[in-house]
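Below is one structure, written out as structure tokens; the observations come after it.
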Amino acid sequence: MNTFVTVLAAAAPVASGWTAHVLWLRRSLNVARRDPLTGLRTREAFTRRATALLRDPRAIVVLADVDRFKQINDTFGHASGDALLKATADRLAHHVGRSGVAGRLGGDEFAAVLIDDHGTAADMLAVLHGVLARPVDGQDPAVHTTVSLGWTRAADFPGDDLSGLLRRADEAMYAAKQGRAGTRRAGLGRLFATVTGRRAGRIGARGEVPVVEVAA
């Protein structure tokens with residue numbers, strides 16, 4: 001009995017050290033999966049969660065891009081630009097809720113996948129567009145802008161994976177930005193064609209990109 005107790009006493013520090021190490025690893029992984037400025041998931045972490053959500057036929061894929069962000073940075077400074085990005089991320093995450101996921105893909109571009117429980121995605125995103133356009137608390141009221149949103153229903157394009165759906169949402173977002181429409185649904189109206197899977201102005205696109213009709 002004394003030997004058993006002695007073994008347990010000797011093993012306790014090892015077990016305690018291993019538990020602390022595991023907790024440290026988990027914290028490190030969580031930090032690596034979060035964008036340091038906004039706290040949203042990074043592209044890799046977003047992709048993992050979003051892909052799982054796309055199994056739900058009610059899933060909606062959204063791409064959001066801050067309008068005139070470079071102008072904000074140039075006029076008011078990078079600190080104001082960072083505050084705008086942080087506020088945009090916080091509002092997007094709150095709107096998406098725990099059942100969905102939001103991520104920062106880079107720069108002033110954000111993505112989200114949410115579950116449309118009631119078939120009211122267009123109304124939800126119109127509300128979100130208004131929320132994202134509000135001035136940032138604690139900042140100069142002049143430091144504000146709008147956010148262009150492009151979106152698509154995953155069920156409308158059953159052959160597309162997350163990458164394909166994001167591309168369609170990106171095309172719709174660009175059309176919304178060009179037309180100052182606020183939000184645009186992929187597959188409806190006129191969208192900007194892509195070259196090698198990238199729309200005009202994106203890295204990897206080559207040549208002039210025409211505007212094309214897309215069937216509803």
Side-chain angles (χ1 to χ4, degrees), residues 30-50 53 59-116 120-152 162 165-186 199 201-203:
N30 287 334
V31 169
R33 292 169 180 165
R34 296 284 175 175
D35 173 59
L37 173 63
T38 65
L40 292 184
R41 296 180 187 233
T42 59
R43 181 185 290 269
E44 182 180 355
F46 168 79
T47 298
R48 185 180 299 107
R49 174 63 177 151
L53 288 174
I60 302 294
V61 177
V62 182
L63 199 78
D65 191 85
V66 179
D67 299 325
R68 302 185 297 107
F69 181 68
K70 184 177 185 302
Q71 181 180 338
I72 294 291
N73 261 346
D74 292 345
T75 303
F76 299 99
H78 289 282
S80 294
D82 287 350
L84 178 60
L85 291 178
K86 183 67 168 62
T88 299
D90 290 345
R91 293 165 180 174
L92 179 61
H94 178 77
H95 198 83
V96 168
R98 300 183 69 175
S99 63
V101 64
R104 184 186 182 194
L105 302 187
D108 59 338
E109 187 174 76
F110 302 88
V113 174
L114 52 90
I115 304 302
D116 182 14
T120 57
D123 293 336
M124 285 194 300
L125 294 176
V127 171
L128 175 61
H129 182 260
V131 169
L132 296 179
R134 294 174 184 168
V136 179
D137 294 339
Q139 294 288 313
D140 185 332
V143 185
H144 74 278
T145 183
T146 55
V147 175
S148 295
L149 303 173
W151 65 279
T152 184
L162 177 63
L165 293 170
L166 283 172
R167 180 180 62 79
R168 292 182 187 276
D170 179 64
E171 293 170 354
M173 180 277 296
Y174 190 63
K177 188 181 291 285
Q178 293 297 100
R180 299 181 180 179
T183 66
R184 192 71 173 266
R185 179 178 176 181
R199 66 167 167 76
R202 294 287 192 188
I203 297 173

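In this chain, residues are counted from 1 in sequence order.
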Do His95 side-chain atoms and Leu92 backbone N/O form a donor-acceptor pair below 3.5 Å? no
Do you know the tightest heavy-atom contact between Ala102 and Ala93? CB-CA, 4.4 Å
If you define the side chain from C-beta out and look only at heavy atoms, does anything of Asp108 sit under 4.5 Å from Asp65? yes
Would you please name every residue forming a salt bridge (charged side-chain N to carboxylate O under 4.0 Å, His left out) with Arg68, sequence neighbours left out? none
Quick one: pull up CZ in Phe69 and CG in Asp74 and give me the separation to the nearest 0.5 Å. 10.0 Å
Could you check whether any side-chain heavy atom of Gln71 comes within less than 4.5 Å of a side-chain heavy atom of Thr145, counting everything from C-beta outward? no
Under 3.5 Å, is there a donor-acceptor pair between the Ser148 and Asp67 side chains? yes
Can you name the salt bridge (charged side-chain N to carboxylate O under 4.0 Å, His left out) partners of Asp140, sequence neighbours left out? none
Which heavy-atom pair separates Val66 from Lys177 by the least distance, and what is that distance? O-NZ, 3.8 Å
Heavy atoms only: give me the nearest Asp35-Thr42 pair and the separation to one decimal. N-CG2, 3.7 Å
Any carboxylate oxygen within less than 4.0 angstrom of a Lys/Arg side-chain nitrogen, looking at Lys86 and Asp90? yes
What is the distance from atom CG of Asp116 to atom CH2 of Trp151, rounded to the nearest 0.5 Å? 7.5 Å
Compare all side-chain heavy atoms of Phe46 with those of Leu40 and state whether any distance is below 4.5 angstrom. no
Are the side chains of Leu114 and Met124 in contact, using a 4.5 Å heavy-atom criterion? yes
Using side-chain heavy atoms (C-beta onward) and a distance below 4.5 Å, is Glu109 in contact with Asp170? yes
Determine the minimum heavy-atom distance between Ser99 and Leu53, stating which atoms define it. O-CD2, 3.5 Å
Would you give the length of the straight line joining atom CD of Glu44 to atom CZ of Arg49, rounded to the nearest 0.5 angstrom? 16.0 Å
If every non-hydrogen atom of Val131 is compared with every non-hydrogen atom of Arg91, which pair is closest and at what distance? O-NH1, 3.5 Å
Checking His144 side chain against Ala133 main chain: does a donor-acceptor pair fall under 3.5 Å? no
Of the options Thr152, Leu149, Leu105, which is the one that meets Leu63 in a side-chain contact (heavy atoms from CB on, under 4.5 Å)? Leu105
Nearest heavy-atom contact between Leu162 and Ala50 is CD2-CB, 3.8 Å
Any side-chain to backbone donor/acceptor pair from Arg34 onto Gly39? Under 3.5 Å, distance only. yes
What distance separates Leu132 CG from Leu84 CG, expressed to the nearest 0.5 Å? 9.5 Å
